[in-house]
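From a predicted model like this one, the values you see are computed outputs, not experimental measurements. Side chains included, hydrogens not; waters and symmetry mates left out as well; all remaining heavy atoms used.
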Amino acid sequence: MRRRALLATAATSLPTIIAGCTSPGGLGGSNAAAEVPTARLDLTTIADAELPTQVLYTVRPAEGNDATAQLFDRIVDGGATTKATRPPLPEQQHIAYQDGVYELAYEVIEETPATRYSVKVDIVTDSVTEAEAVQFADLPEVDQEEFAAHGLADGDPVGIGTTFLYTDAEREQSVLVPESEYSYITWDDGAEAEWVVDDAYDTTLNTYRYTADQVATAAGYGQQMRERFTFELSGLPEAQRDIVETAITEGPYVVGPDEMPSDALVALADRFRGHEQAHGLDEDGESDLSGTYLVRYQDDVYWTTLVVQRDAFQTTSPS
């Protein structure tokens, strides 16, 4: 996910974040109307080592059976191969992981014809027809592995539509695809599920060989970001200073959707014009006024989010 997609996600989630914030300068109001505010300013202190995860594709450390993080561990540890129909991780892109920033490269070393099946593992609403049922333990290994890969091997009653992937060789061993021999699957503990195959389409199972280069430590990358993107808010008139300090001490400074911004806020927002938004060092920044910045205010550096409705902020030069 690149920078533009991240910003789009943040923008669409904004109404939920500020629901009920209808008073400028704070989180006032009790009517949780999910409307985009006229303006929002948020400043939070941040350490250099925390900056990469704010702007980069980030892989979190493995928690339980987290296949992506486990794969990344193996790649960083000396390279790894994995099978998928599309690249599971991006290449030639800065990626944040634990205490470092990495760039991955991959090559496809094998291509295997395969079929992806749209299936349903559904809750049984009528009685199971015994002649059309199979015990999960009696399924071929390839079928059991697909159930396990989707967290369905224990027979918990769920109604779910998903896709199962079989290579041509695995399909020959299956009793569930392409034409299923059974309509129900049962488990020793009494769990049961209806089995339906809806559709199928051809694909290719690729074997990817990944390698990783460390671009920088997280702290080092964050320091480069701070040195490149930080600009200083200084010499502010009292009204602008009050807005900034309210945003720092009381949470986001918000102007409600039905309110006009004060002259002080418009002038303060103008100070952001011409400054580069914070972004990954391998990416191009956004040109909109709304976005995320690094701001130094009274010797502290703040991760700063400025969101404004364009029509209400039409000035073009600082005042």
Side-chain angles (χ1 to χ4, degrees), residues 3 6-8 10-48 50-51 54-55 222-279 285-319:
R3 171 76 175 157
L6 287 168
L7 284 177
T12 55
S13 63
L14 179 61
T16 300
I17 295 173
I18 52 87
C21 307
T22 59
S23 300
L27 299 175
S30 58
N31 56 328
E35 298 182 70
V36 177
T38 299
R40 179 177 181 265
L41 179 66
D42 193 9
L43 292 88
T44 306
T45 54
I46 191 167
D48 286 350
E50 298 172 345
L51 285 172
Q54 299 292 323
V55 298
Q223 181 180 356
Q224 292 179 62
M225 288 180 59
R226 175 170 50 81
E227 292 172 351
R228 175 172 169 178
F229 302 125
T230 301
F231 70 95
E232 187 163 8
L233 286 178
S234 61
L236 299 179
E238 182 179 358
Q240 294 181 36
R241 189 168 62 248
D242 287 345
I243 293 171
V244 172
E245 293 180 357
T246 297
I248 292 172
T249 61
E250 298 182 17
Y253 183 98
V254 177
V255 177
D258 297 325
E259 300 176 72
M260 291 297 296
S262 64
D263 291 343
L265 181 57
V266 173
L268 178 62
D270 244 7
R271 292 175 179 264
F272 286 74
R273 297 185 192 275
H275 292 289
E276 193 172 10
Q277 291 187 23
H279 57 80
E286 300 293 325
S287 58
D288 291 345
L289 179 58
S290 291
T292 52
Y293 298 84
L294 285 173
V295 171
R296 180 176 288 106
Y297 179 74
Q298 295 185 348
D299 298 326
D300 287 321
V301 174
Y302 293 87
W303 177 257
T304 303
T305 301
L306 174 66
V307 179
V308 299
Q309 285 193 21
R310 187 172 301 172
D311 292 345
F313 289 79
Q314 289 296 324
T315 60
T316 57
S317 60
S319 59

Mind checking whether [X] and [Y] have side chains closer than 4.5 Å, heavy atoms only?
X      : Y      : result
Gln54  : Thr292 : no
Thr304 : Tyr297 : no
Tyr302 : Thr44  : no
Ser290 : Val308 : yes
Ile248 : Asp300 : no
Leu43  : Tyr253 : no
Ile243 : Thr246 : no
Arg40  : Thr305 : yes

Phe231 vs His275 aromatic rings, parallel, tilted or perpendicular, using cut-offs 30° and 60°?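 Judged by the thresholds at 30° and 60°, the geometry between Phe231 and His275 is parallel.
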Smallest separation among heavy atoms of [X] and [Y], with atom names:
X      : Y      : answer
Asp288 : Tyr293 : O-OH, 3.6 Å
Thr38  : Glu259 : OG1-O, 2.9 Å
Ala39  : Leu265 : CB-CD2, 3.7 Å
Gly235 : Arg271 : O-NH2, 3.9 Å
Trp303 : Ala278 : CZ3-CB, 3.7 Å
Arg241 : Leu236 : NH1-O, 3.0 Å

For residues 227-239, pull every pair meeting salt bridge (charged side-chain N to carboxylate O under 4.0 Å, His left out), keeping only residues two or more places apart or in separate chains.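 Applying salt bridge (charged side-chain N to carboxylate O under 4.0 Å, His left out) to every pair that reaches into residues 227-239, excluding sequence neighbours, yields Arg228-Glu276.
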Taking Gln309 for its side chain and Pro37 for its backbone only, find out whether a donor-acceptor pair lies under 3.5 Å.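 Here the side-chain-to-backbone pair exists.
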Run the salt bridge (Lys or Arg N to Asp or Glu O under 4.0 Å) test against Arg296 and tell me which residues pass, sequence neighbours left out.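 Arg296 satisfies salt bridge (Lys or Arg N to Asp or Glu O under 4.0 Å) with no residue once adjacent residues are dropped.
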To the nearest 0.5 Å, what is the distance between CD1 on Ile46 and CG on Leu51?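 With rounding to 0.5 Å, CD1 (Ile46) is 4.5 Å from CG (Leu51).
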Between His279 and Phe229, does a side chain to side chain contact (heavy atoms under 4.5 Å, CB included) hold up when you go through it step by step? CA-CA 9 Å; His279 57 80; Phe229 302 125; 3.6 Å; yes
